[in-house]
A.B. asks: 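Here's a structure for you.
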Amino acid sequence: MPRDTLTPEQIVRTAVQLLDDEGLEGLNMRSLGQRLGAAATAVYWHVKNKDDLVLLAADRVWHEVELPEFDAADWHGVVTALADGLHAMLLRHPWLVQAFSSHLLHGTGKARYDDRLLGAFETAGFSPQEADRAAGAVFTYVLGNAFGASATASLTRKLRRSGVDAEQGFTQTLAKAAQAAEPFPRLRERIDTSAARRYADAADSSYELGLRALLDGLRPGGTGS
């Protein structure tokens with residue numbers, strides 16, 4: 001595809017798809033050009049470099065998060081909806097979790113989200129300083145909970161590229177982890193397959209439990225000095 005037929009929208013949309021499939025480590029102008037049916041030089045005509053492309057892709061996916069209306073009487077519900085929307089978006093695009101450690105992410109997509117999260121707290125009576133701390137706590141909590149999915153996706157790609165079956169690789173690693181856990185009673189009791197499955201189920205539900213506990217601990221005038 002010649003450069004004059006490419007559009008920034010096409011490039012960013014395709015970059016998101018490539019990032020979803022291959023992660024940050026799989027994103028380069030050559031691979032992107034192949035997906036677009038264009039030379040890498042045609043992509044450079046629209047995007048300066050890979051870092052700029054990551055910023056544009058990140059800004060695009062931030063816009064996927066729906067923003068609920070403010071409700072002072074049910075600010076827990078508003079903040080929960082914002083947290084859940086962010087969490088779901090990060091699970092759809094696990095590369096974005098990686099990007100936080102290597103890029104200074106900014107753009108209108110993130111700004112609109114941050115502004116709404118701050119507004120949800122301020123509408124409930126939090127001072128600007130309290131809202132800053134509360135929003136930071138919620139964001140950090142959600143990001144941390146999405147780390148597992150991001151790490152799993154990254155490790156799966158690494159195993160695949162090295163020619164190792166991902167499922168087999170995870171099975172072998174779990175076997176080694178079980179051996180290391182053997183001397184420790186609480187971990188050892190979870191080595192059993194059925195117990196491990198129940199433990200995993202509990203871990204899946206811990207996001208909701210932890211978010212409720214976090215929000216229950218936040219209140220106007222009570223978020224710390």
Side-chain angles (χ1 to χ4, degrees), residues 12 15-16 19-20 23-24 27 47-154 202-225:
V12 175
V16 170
L19 284 162
D20 288 346
L24 285 180
L27 178 65
V47 181
K48 183 169 61 175
N49 53 42
K50 176 180 174 178
D51 286 343
D52 279 359
L53 189 57
V54 171
L55 288 179
L56 291 169
D59 193 55
R60 179 185 177 91
V61 299
W62 272 100
H63 280 281
E64 295 177 6
V65 183
E66 295 186 10
L67 305 183
E69 296 297 325
F70 295 135
D71 184 350
D74 184 28
W75 67 267
H76 271 219
V78 176
V79 174
T80 297
L82 286 164
D84 290 348
L86 174 61
H87 189 249
M89 183 271 283
L90 291 173
L91 294 184
R92 289 194 300 272
H93 309 291
W95 54 270
L96 187 56
V97 179
Q98 292 178 286
F100 276 102
S101 66
S102 56
H103 295 76
L104 294 173
L105 301 176
H106 58 83
T108 58
K110 185 176 185 301
R112 67 187 272 279
Y113 179 88
D114 291 343
D115 186 76
R116 186 59 58 93
L117 184 57
L118 289 169
F121 285 111
E122 290 187 0
T123 301
F126 288 69
S127 71
Q129 294 78 17
E130 291 170 343
D132 286 344
R133 290 190 287 269
V138 170
F139 177 78
T140 302
Y141 176 79
V142 174
L143 185 65
N145 270 269
F147 176 78
S150 176
T152 298
S154 181
D204 288 342
S205 64
S206 66
Y207 163 77
E208 291 83 3
L209 178 65
L211 182 60
R212 285 197 302 272
L214 173 61
L215 296 184
D216 286 345
L218 298 175
R219 59 190 182 280
T223 57
S225 58

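In this chain, residues are counted from 1 in sequence order.
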A.B. asks: Working to the nearest 0.5 Å, report the span between CG of Leu96 and CG of Asp20.
C.D. replies: 10.0 Å
A.B. asks: Where do Ala131 and Glu122 come nearest, in terms of heavy atoms and distance?
C.D. replies: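 Answer, listing the atom of Ala131 first, then Glu122: CB-CG, 3.7 Å.
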A.B. asks: Could you list the residues that satisfy side chain to side chain donor-acceptor pair (under 3.5 Å) with Asp114, not counting sequence neighbours?
C.D. replies: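 Applying side chain to side chain donor-acceptor pair (under 3.5 Å) to Asp114 gives Lys110.
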A.B. asks: Please report the closest heavy-atom contact between Ala57 and Leu19, naming both atoms and the distance.
C.D. replies: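 The pair with the smallest heavy-atom distance is CB-CD1, 3.7 Å.
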A.B. asks: Backbone N or O of Ala120 within a donor-acceptor pair of the Thr123 side chain at under 3.5 Å?
C.D. replies: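 Not confirmed, Thr123 side chain does not pair with Ala120 backbone.
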A.B. asks: To the closest 0.5 Å, what do you measure between CZ (Arg116) and CZ (Phe121)?
C.D. replies: 14.0 Å
A.B. asks: So, taking the atom named NE2 in His76 and the one named CG in Leu218, what distance separates them when rounded to the nearest 0.5 Å?
C.D. replies: 7.0 Å
A.B. asks: Distance from Leu53 atom CG to Leu27 atom CG, nearest 0.5 Å?
C.D. replies: 5.0 Å
A.B. asks: Please find the pair of heavy atoms, one from Gly210 and one from Tyr141, that lie closest to each other, and give the distance.
C.D. replies: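 Shortest heavy-atom separation between Gly210 and Tyr141 comes out as CA-OH, 3.2 Å.
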A.B. asks: Which value, rounded to the nearest 0.5 Å, describes the distance between Asp51 atom CG and Leu56 atom CG?
C.D. replies: 11.0 Å
A.B. asks: Can you name the side chain to side chain donor-acceptor pair (under 3.5 Å) partners of Arg60, sequence neighbours left out?
C.D. replies: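 For Arg60, the residues satisfying side chain to side chain donor-acceptor pair (under 3.5 Å) (neighbours in sequence not counted) are Glu9.
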A.B. asks: Return a table of donor-acceptor pairs under 3.5 angstrom between the side chains of residues 81-90 and protein atoms on other chains or two or more places apart.
C.D. replies:
{"residue": "Asp84", "atom": "OD1", "partner": "Tyr207", "partner atom": "OH", "Å": "2.8"}

A.B. asks: Do you know the tightest heavy-atom contact between Ala149 and Leu91?
C.D. replies: CB-CD2, 3.5 Å
A.B. asks: Shortest non-hydrogen contact from Ala124 to Pro220?
C.D. replies: O-CG, 3.5 Å
A.B. asks: Restricting to side chain to side chain donor-acceptor pair (under 3.5 Å), what partner residues turn up for Arg212, sequence neighbours left out?
C.D. replies: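 Side chain to side chain donor-acceptor pair (under 3.5 Å) list for Arg212, sorted by chain: empty.
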A.B. asks: Contact between Leu117 and Tyr113 at the side-chain level, heavy atoms closer than 4.5 Å - yes or no?
C.D. replies: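 The answer is yes; the side chains approach within 4.5 Å.
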A.B. asks: Taking His93 for its side chain and Val16 for its backbone only, find out whether a donor-acceptor pair lies under 3.5 Å.
C.D. replies: no
A.B. asks: Just to verify, what does Phe139 make a ring pair (Phe, Tyr, Trp, His ring centres under 6.0 Å) with, not counting sequence neighbours?
C.D. replies: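 Applying ring pair (Phe, Tyr, Trp, His ring centres under 6.0 Å) to Phe139 gives Phe100.
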A.B. asks: Please report the closest heavy-atom contact between Lys48 and Asp52, naming both atoms and the distance.
C.D. replies: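 Taking every non-hydrogen atom into account, CE-OD2, 3.1 Å.
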A.B. asks: Output all residues satisfying side chain to side chain donor-acceptor pair (under 3.5 Å) with His63, sequence neighbours left out; order by chain, then residue number.
C.D. replies: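 His63: side chain to side chain donor-acceptor pair (under 3.5 Å) contacts with Thr108.
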A.B. asks: Between Asp59 (side chain only) and Leu55 (backbone N and O only), is there a donor and an acceptor less than 3.5 Å apart?
C.D. replies: no
